[in-house]
Amino acid sequence: MRALIVDDEKHVREGIKLLADWEGNEITEIYEASNGEDAIQIIRSLNPEIIFSDMKMPKLDGTQLLKWMDEHYCEGKTIVVTGYDDYHYMRKAMHYGSSDYLLKPIDPEMLNDTLIRVVNEWKAEEMERINKLSKNQLINKMKPAYRDQKLTQIINNVPVDKFVWEEFRLTKAAAYTIGLLQVSNIAVEQFGGDKDITFFTLLNIINEQLSKKSGGIAFRYITSKGEIVLLLKKNKKESLIIAKEIQINIQQLLGLTCTIAIGIEVNSAVQLSLSYQHAKSMIMNRNVLRNNQEKIVINNDEIEIKSLMDYGSSIKIAIQTGEMDAFHSLIGQIQTDFIQKKQLCLRQLFHLENEYQMLSARWYKEFNIPFSLPTDLEERIQSFIDKEDVFQLEAYKDRKKREIALFLRRVKRQNTRTSKNIIQEIEKYIKANFHREIKLQEISERFYISREYISRKFKQEYHINISEYLVSIRIQKAQELLENSNLKVYDIANLIGYQDDKYFRKVFKKIVGISPNEYREKKK
């Protein structure tokens with residue numbers, strides 16, 4: 001903390017510096033001034049918390065200093081120290097907020113008691129100021145969230161207190177109309193990807209315009225992502241004019257073209273949801289492919305929504321080919337069927353993306369490839385809408401082609417890995433059962449794979465066929481037994497799966513180059 005001693009007599013200043021318990025009151029810096037003018041300069045630059053002041057001084061006396069502090073520096077606490085036991089001075093000091101009035105010569109005990117009390121008062125007031133500031137900051141921060149929550153409840157027909165309507169000045173309107181603006185990803189990117197700042201900026205622009213027209217209030221509709229609702233206290237004709245002005249303003253200030261849909265005109269609060277649903281329908285049914293269309297939507301026709309599921313068999317055939325070329329013509333056919341007269345609406349796009357993700361999940365599961373279904377379908381579509389509020393169809397198609405190509409590559413890797421794993425399991429099975437006759441049909445039935453596939457893949461992996469591999473395992477085992485046991489040759493033959501020891505001797509000599517007995521003698 002800092003203290004300032006203001007007195008035209010140096011010995012008085014020195015006396016206060018000497019007598020006061022500065023350290024015990026956490027005061028680390030002490031400044032001096034010989035008149036009120038100098039004191040004001042110090043107060044302005046250093047903001048001392050405690051000020052000791054005389055009443056009679058040259059240039060600017062104590063009364064004038066106290067008056068200035070009352071008007072410009074009410075955070076400081078003042079203690080008057082004077083040689084004048086005058087009720088007039090005391091009354092002035094108290095009027096301008098002095099904490100105490102001490103007479104010269106100064107009593108050390110009274111000085112320190114007063115200092116302790118005034119410092120504690122300052123700390124208490126400072127804590128109150130901090131709490132009040134924090135509370136105000138919190139209230140200011142929460143105001144938009146409170147507004148968005150309450151007005152969203154109104155649109156959703158959730159009952160709210162009457163004072164909420166009065167708070168937002170929505171009462172006494174002959175008509176109400178809902179306007180709906182969708183915030184695109186390109187707008188969010190313009191603000192560094194920060195959605196909160198994007199909505200904050202757009203709502204400031206819109207509400208400033210509405211305030212000038214006494215037209216209502218705009219808010220972030222928290223039930224649905226990316227929507228700003230304009231609750232207009234106007235009929236539909238007046239709402240249309242206001243929406244156009246807002247649209248022009250956003251274009252001029254942010255360089256963004258936004259579409260605003262205007263719902264039906266209603267005359268009561270309980271019907272606001274109807275106006276919103278109508279505006280939402282206008283937004284969802286608008287054509288997103290044309291740039292020269294009207295960006296204020298007041299009416300459009302319902303569009304038949306086509307299903308990607310109708311192409312399920314064609315998609316299956318394309319996947320079975322394992323080649324991307326098979327999808328090019330299919331994508332072209334889907335585009336032709338879905339886009340009639342260069343019309344493509346948001347509702348169709350959202351439906352298409354949802355079905356595409358469902359089909360993707362099904363096919364990834366079919367091939368045992370990990371896949372998580374995304375939850376941000378609307379944002380995936382919005383990311384392809386440009387600054388002119390037009391859907392970039394070619395970019396969207398390119399994205400889908402890349403996703404399909406990635407899927408096909410993963411399927412190929414998975415098939416290769418699965419095939420290799422199965423052949424390795426078959427090889428382990430042969431090793432475990434080499435001592436008996438193993439038929440190809442037995443392996444086929446055990447592993448649910450065709451005999452032809454097993455024969456082909458096994459030879460690709462081990463470079464010999466299964467029967468040759470079985471013989472090699474048996475002869476290898478026979479060599480181990482000949483080296484490490486005293487078993488008769490015919491016993492060894494029986495142990496490794498040969499019932500005829502003569503046949504075993506013949507096979508052994510063909511592979512090893514010498515007879516079993518010669519092999520044993522050689523190893524000894």
Side-chain angles (χ1 to χ4, degrees), residues 1-140:
M1 293 179 67
R2 301 181 179 92
L4 171 63
I5 304 170
V6 188
D7 199 296
D8 58 334
E9 296 180 276
K10 184 174 177 58
H11 72 275
V12 174
R13 301 197 301 270
E14 291 295 334
I16 295 174
K17 285 174 67 177
L18 182 65
L19 296 173
D21 180 12
W22 305 112
E23 186 177 348
N25 288 286
E26 300 176 8
I27 296 173
T28 57
E29 299 175 43
I30 304 159
Y31 300 92
E32 298 179 41
S34 58
N35 58 71
E37 283 187 2
D38 293 344
I40 288 174
Q41 296 301 319
I42 293 172
I43 292 170
R44 280 175 169 164
S45 61
L46 298 173
N47 301 318
E49 290 85 359
I50 309 298
I51 297 99
F52 290 88
S53 178
D54 190 10
M55 291 302 285
K56 291 200 75 175
M57 296 180 292
K59 294 186 179 180
L60 194 76
D61 66 15
T63 302
Q64 292 170 307
L65 175 60
L66 289 171
K67 182 180 179 183
W68 178 88
M69 286 184 62
D70 185 54
E71 294 173 355
H72 300 96
Y73 191 59
C74 57
E75 294 88 353
K77 302 296 289 182
T78 309
I79 301 170
V80 170
V81 180
T82 181
Y84 297 92
D85 187 7
D86 189 312
Y87 176 74
H88 172 72
Y89 282 129
M90 184 182 293
R91 187 172 63 83
K92 286 287 185 182
M94 297 304 171
H95 175 73
Y96 290 121
S98 177
S99 297
D100 213 329
Y101 193 92
L102 303 181
L103 293 174
K104 301 174 185 176
I106 302 169
D107 180 279
E109 185 176 349
M110 186 174 290
L111 172 67
N112 281 302
D113 287 345
T114 302
L115 182 58
I116 291 170
R117 176 174 57 80
V118 172
V119 166
N120 288 333
E121 286 177 1
W122 181 88
K123 287 180 178 178
E125 291 174 9
E126 179 67 6
M127 184 60 69
E128 188 176 343
R129 282 192 291 270
I130 291 170
N131 290 337
K132 187 176 180 180
L133 178 62
S134 300
K135 187 176 179 181
N136 289 337
Q137 288 173 339
L138 181 61
I139 289 171
N140 289 332

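We count residues from 1, following the sequence as given.
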Check your understanding: Would you say Asn112's side chain and Pro108's backbone share a donor-acceptor pair under 3.5 angstrom?
Key -> yes
Practice item. Give, for atom CD1 of Ile27 and atom CG of Asn25, the distance between the pair rounded to the nearest 0.5 Å. Key: 5.5 Å
Review point. Say you draw a straight line from NZ of Lys59 to CD of Gln64; how long is it, rounded to the nearest 0.5 Å?
Key: 13.0 Å
Side chains of residues 30-37: which donor-acceptor partners sit under 3.5 Å, not counting sequence neighbours?
from  : atom 1 : to    : atom 2 : distance (Å)
Tyr31 : OH     : Glu29 : OE1    : 2.4
Glu32 : OE1    : Arg13 : NE     : 2.8
Glu32 : OE2    : Lys17 : NZ     : 2.8
Asn35 : OD1    : Glu37 : N      : 3.0
Asn35 : OD1    : Asp38 : N      : 2.9
Asn35 : ND2    : Asp38 : OD2    : 3.1

Check your understanding: Between Lys123 and Glu26, does at least one N-O distance fall below 4.0 Å, as a salt bridge requires?
Key -> yes
**Study point:** Stepwise side chain to side chain contact (heavy atoms under 4.5 Å, CB included) test for Lys56 and Thr82
**Key:** CA-CA 8 Å; Lys56 291 200 75 175; Thr82 181; 5.8 Å; no
Exercise for review: Tell me, yes or no, whether the heavy-atom count around Glu71 atom CD, taken from other residues, nucleotides or ligands under 6.0 Å, exceeds 12.
Suggested key: yes
Check your understanding: Between CD1 of Ile50 and OG1 of Thr78, what distance do you get to the nearest 0.5 Å?
Key -> 8.5 Å
**Study point:** Pairwise distance CD1(Ile51) to OG(Ser98) - rounded to 0.5 angstrom
**Key:** 10.0 Å
Check your understanding: Does a salt bridge link Lys77 with Glu121, judged by any charged N lying under 4.0 Å from a carboxylate O?
Key -> yes
**Study point:** Heavy-atom check, side chain of Phe52 versus side chain of Leu115, under 4.5 Å
**Key:** yes
Review point. Which pair of heavy atoms, one from Trp22 and one from Ala3, lies closest together, and at what distance?
Key: CZ3-CB, 3.7 Å
Review point. CD1/Ile116 to CG/Asp21 distance, rounded to the nearest 0.5 angstrom?
Key: 7.0 Å
**Study point:** Test side chain to side chain contact (heavy atoms under 4.5 Å, CB included) applied to Asp100 and Val80, step by step
**Key:** CA-CA 6 Å; Asp100 213 329; Val80 170; over 6 Å; no
Revision key, fill the gap. Given the options Ile16, Val118, Ile5, Ile79 meets side chain to side chain contact (heavy atoms under 4.5 Å, CB included) only with Val118
Check your understanding: Is Asp54 salt-bridged to Lys104, cutoff N-O under 4.0 Å?
Key -> yes
Practice item. Work out which heavy atom in Trp68 is nearest to a heavy atom in Ile40; give both atom names and the distance. Key: CZ2-CG2, 3.6 Å
Practice item. Sort out for me which residue in Asp7, Thr63, Val81 forms a side chain to side chain contact (heavy atoms under 4.5 Å, CB included) with Met55. Key: Thr63
Review point. If you look at every heavy atom in Met57 and Val6, which pair is closest and at what distance?
Key: SD-CG1, 3.5 Å
Practice item. Any chance you could measure Gln41, atom CD, to Arg44, atom CZ, to the nearest 0.5 Å? Key: 6.0 Å
Check your understanding: Would Asp107 and Leu111 count as a side chain to side chain contact (heavy atoms under 4.5 Å, CB included) if you check the C-alpha gap in whole Å, the side-chain angles of each, and the deciding distance to 0.1 Å?
Key -> CA-CA 6 Å; Asp107 180 279; Leu111 172 67; over 6 Å; no
Check your understanding: Does the side chain of Ile43 come within less than 4.5 Å of Met69's, by heavy atoms?
Key -> yes
Check your understanding: Do the side chain of Glu125 and the main chain of Trp122 share a donor and acceptor less than 3.5 angstrom apart?
Key -> no
Review point. Closest heavy-atom contact between Ser53 and Gly62?
Key: OG-CA, 4.1 Å
Point to revise | Audit row: Leu66, Asp70, side chain to side chain contact (heavy atoms under 4.5 Å, CB included) steps and yes/no | key: CA-CA 6 Å; Leu66 289 171; Asp70 185 54; over 6 Å; no
Check your understanding: Backbone N or O of Met1 within a donor-acceptor pair of the Glu49 side chain at under 3.5 Å?
Key -> no
